Amino acid sequence: MSDLVRRQRRRRILALGGVIAAYVLSFFQRFAPVGIAPDLILAFNTTASSLGVLAATYFYVYTVMQVPTGILVDTLGPRLILLLGGLVGGVGSLLFGLAPNLDLALLGRTLIGLGVSVTFIAMLKIIAVSFDERRFASLVGLSVLIGNLGSVLAGSPLSWLAQITGWRGVFIGLAGVSLLLGVACWYWLREPSDETQGLPATTGKPRFDRTVVLSGLLSVLGNRDTWPVVAANFGICGSFLAFAGLWATPFLTQVHHLPRVVSANHVSLLFAAFALGSVFVGTLSDRLGRRKPVLVASSHLYALIWLIWLSGSPLPLSLSYALFALMGLVSASFTLTWTCAKEVNPPLLSGMSTSVTNMGGFLAAAILQPLVGWVMDWGWQGGLTATGARLYTPENFQASLLLLAGTASFGALATWRIRETHCRNVWHAPA
């Protein structure tokens, strides 16, 4: 029996390690355009608005797939979903790396978004059914922290590697990695009947029907305490993803005239600070026993930082690094919105409530990334770089960053309407 328990534990750890590795890849794919934005402009001879659409395609698909992924994982199980996700994401990465034109690159980016969109929800499912529920929060926090390494790798490491192997070679290689991770998850995960053989259970038989799913979703959407949380996620997460996922590097290189490597280092620092901030904000909130004060203070500080970028004032290198680090730390406050959503809705609907909340930020990013590019193109005066790519002025960036600053401020104001839960579920069934 002890040998069986040890085998179970080992396979569960391997299974969780495989899905966390896939989660790292999903973060990398999400933010990869920011590290190779100049290369993409040159390769496809594109404008800022077209580049925005290319990057935002990931977010379009990810947004649409949030709630369906939760249903698929609960019915088909994470084992099959992760295998299919690895296959689709791998095909998309290969197509993106080989794309001769913008249209095929858009298709590749769409498939990437579709493939990796299943990873986060599948990871939560595996942790929930394969490990002690008393360790759920700590394992999720650790998994998110490790997953954020993908966003760090999408900064200066990707920029450096792209200069050596070319950005196309990077994505062709990632196609193989995606497929291998999908197969590894399929191999390490097993059905409940295999638990007697020392393999981790991952799912049960389908238990959802359309009536239950629809009534649950309507319950979440009809709860007035859900919407301030969604609005806060929309403003804070959306502006962060739009900036960090694409426009940070062009902003630093063309407005502050920083070398590309230094700009990429800023982005990597931003993501690293966000990863640490995600753990810090959650821990601070739990120790205080309050959600709202942490959200209000962090989101308002985040919105104030945008005023500095809007000013366009030249900054010492040490100060710009410090501001990017602080921006990453305080923007992590939006991770509390998932907890708030879960605590103001029925416990049995925690998956749907967090999925609906998560849609807010990804929807905002999907709208803002191309919209920022459109505003920049609208004010473009015809300047070109030596390679023929469009050159944008600080005034172009100032007008576009105003959209991001306004969105961040909207999210900060929405935090005042969030219901304080005191770190417990406060939902009550209607009388």
Side-chain angles (χ1 to χ4, degrees), residues 30-31 33-34 37 40-41 46-60 62-63 227-228 230-256 263 266-267 270-271 274 298-313 315 320 323-324 326-328 330-334 337 358-381 383 390-416:
R30 181 181 305 171
F31 296 112
V34 73
L40 295 177
I41 292 175
T46 186
T47 63
S49 55
S50 296
L51 181 62
V53 171
L54 177 63
T57 301
Y58 174 105
F59 295 102
Y60 297 146
Y62 206 102
T63 301
W227 292 104
V230 174
N233 191 282
F234 181 96
I236 305 169
C237 176
S239 58
F240 174 79
L241 292 178
F243 182 66
L246 181 61
W247 297 115
T249 297
F251 169 71
L252 291 171
T253 55
Q254 297 193 30
V255 175
H256 292 277
S263 300
H266 276 73
V267 176
L270 177 67
F271 289 134
F274 170 78
S298 299
S299 62
H300 281 66
L301 181 55
Y302 170 68
L304 287 174
I305 293 175
W306 281 102
L307 298 179
I308 300 175
W309 303 133
L310 279 174
S311 70
S313 302
L315 301 173
S320 65
L323 284 173
F324 262 67
L326 180 60
M327 192 177 191
V330 296
S331 65
S333 61
F334 78 77
T337 61
N358 212 29
M359 284 180 63
F362 283 97
L363 176 62
I367 295 172
L368 287 171
Q369 281 194 337
L371 188 58
V372 166
W374 180 84
V375 171
M376 291 169 61
D377 284 333
W378 181 67
W380 180 62
Q381 298 297 320
R390 288 191 175 189
L391 183 63
Y392 297 95
T393 66
E395 289 74 21
N396 296 146
F397 276 96
Q398 188 176 39
S400 59
L401 290 182
L402 186 60
L403 288 172
L404 299 178
T407 305
S409 300
F410 170 78
L413 291 175
T415 61
W416 288 98

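Everything numeric here is computed off the predicted structure, so don't read it as measured data.
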K.L.:
Give the table of side-chain donor-acceptor pairs shorter than 3.5 Å for residues 397-404, with sequence neighbours excluded, one pair per line with atom names and distance.
P.N.:
| unit_1 | atom_1 | unit_2 | atom_2 | d |
| --- | --- | --- | --- | --- |
| Q398 | NE2 | L310 | O | 2.8 |
| S400 | OG | N396 | O | 3.3 |
| S400 | OG | F397 | O | 2.9 |

K.L.:
List the residues meeting ring pair (Phe, Tyr, Trp, His ring centres under 6.0 Å) with F362, not counting sequence neighbours, and say none if there are none.
P.N.:
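F362 satisfies ring pair (Phe, Tyr, Trp, His ring centres under 6.0 Å) with F59, Y62 only.
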
K.L.:
Atom CG of L323 and atom CG of L315: how far apart are they, to the nearest 0.5 Å?
P.N.:
6.5 Å

K.L.:
Could you tell me which residues satisfy side chain to side chain donor-acceptor pair (under 3.5 Å) with H300, sequence neighbours excluded, listed by chain and number?
P.N.:
W416

K.L.:
Going by the ring-ring contact (aromatic ring centres under 6.0 Å, His included) test, name the single residue among F240, F251, F410, F243 that passes it with W306.
P.N.:
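The passing option is F243.
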
K.L.:
Looking only at heavy atoms, which two atoms of G328 and L270 are closest? And how far apart?
P.N.:
N-CD1, 3.5 Å

K.L.:
Looking only at heavy atoms, which two atoms of I236 and S331 are closest? And how far apart?
P.N.:
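Taking every non-hydrogen atom into account, CG2-O, 3.7 Å.
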
K.L.:
Which atoms form the tightest heavy-atom contact between A414 and A231, and what is the distance?
P.N.:
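Heavy atoms of A414 and A231 come nearest at CB-CB, 3.7 Å.
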
K.L.:
Look up atom CE in M327 and atom CG in L301, then write down how far apart they are to the nearest 0.5 Å.
P.N.:
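Atom-to-atom, M327:CE and L301:CG are 10.5 Å apart.
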
K.L.:
Rounded at 0.5 Å granularity, tell me how far CG in L368 sits from CG in L241.
P.N.:
9.5 Å

K.L.:
Taking ring pair (Phe, Tyr, Trp, His ring centres under 6.0 Å) as the definition, give me every residue that meets it alongside F324, ordered by chain and number, with sequence neighbours left out.
P.N.:
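Once residues adjacent in sequence are excluded, the partners of F324 under the ring pair (Phe, Tyr, Trp, His ring centres under 6.0 Å) criterion are H266, W309.
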
K.L.:
What closest approach, in Å, do A365 and P370 show between heavy atoms, and which atom pair accounts for it?
P.N.:
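Nearest pair, atom of A365 first, then P370: O-CD, 4.3 Å.
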
K.L.:
About how many Å separate CZ of F234 and CG of N358, when rounded to the nearest 0.5 Å?
P.N.:
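The distance works out to 13.5 Å.
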
K.L.:
Within this structure, what is the CH2-OG1 distance for the pair W247 and T249, rounded to the nearest 0.5 Å?
P.N.:
11.0 Å

K.L.:
What closest approach, in Å, do L252 and S263 show between heavy atoms, and which atom pair accounts for it?
P.N.:
CB-OG, 3.4 Å

K.L.:
Applying side chain to side chain donor-acceptor pair (under 3.5 Å), can you list everything that pairs with N233, at least two apart in sequence or on another chain?
P.N.:
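T337.
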
K.L.:
For S239, what residues pass the side chain to side chain donor-acceptor pair (under 3.5 Å) criterion, not counting sequence neighbours?
P.N.:
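Testing S239 for side chain to side chain donor-acceptor pair (under 3.5 Å), a comparison that skips the adjacent residues, returns Y302.
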
K.L.:
So how far is it from F274 CZ to S333 OG, rounded to the nearest 0.5 Å?
P.N.:
9.0 Å

K.L.:
Under the side chain to side chain contact (heavy atoms under 4.5 Å, CB included) rule, collect the residues that match up with P33, sequence neighbours excluded.
P.N.:
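Listed in chain order: L40, A55, R109, L246.
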
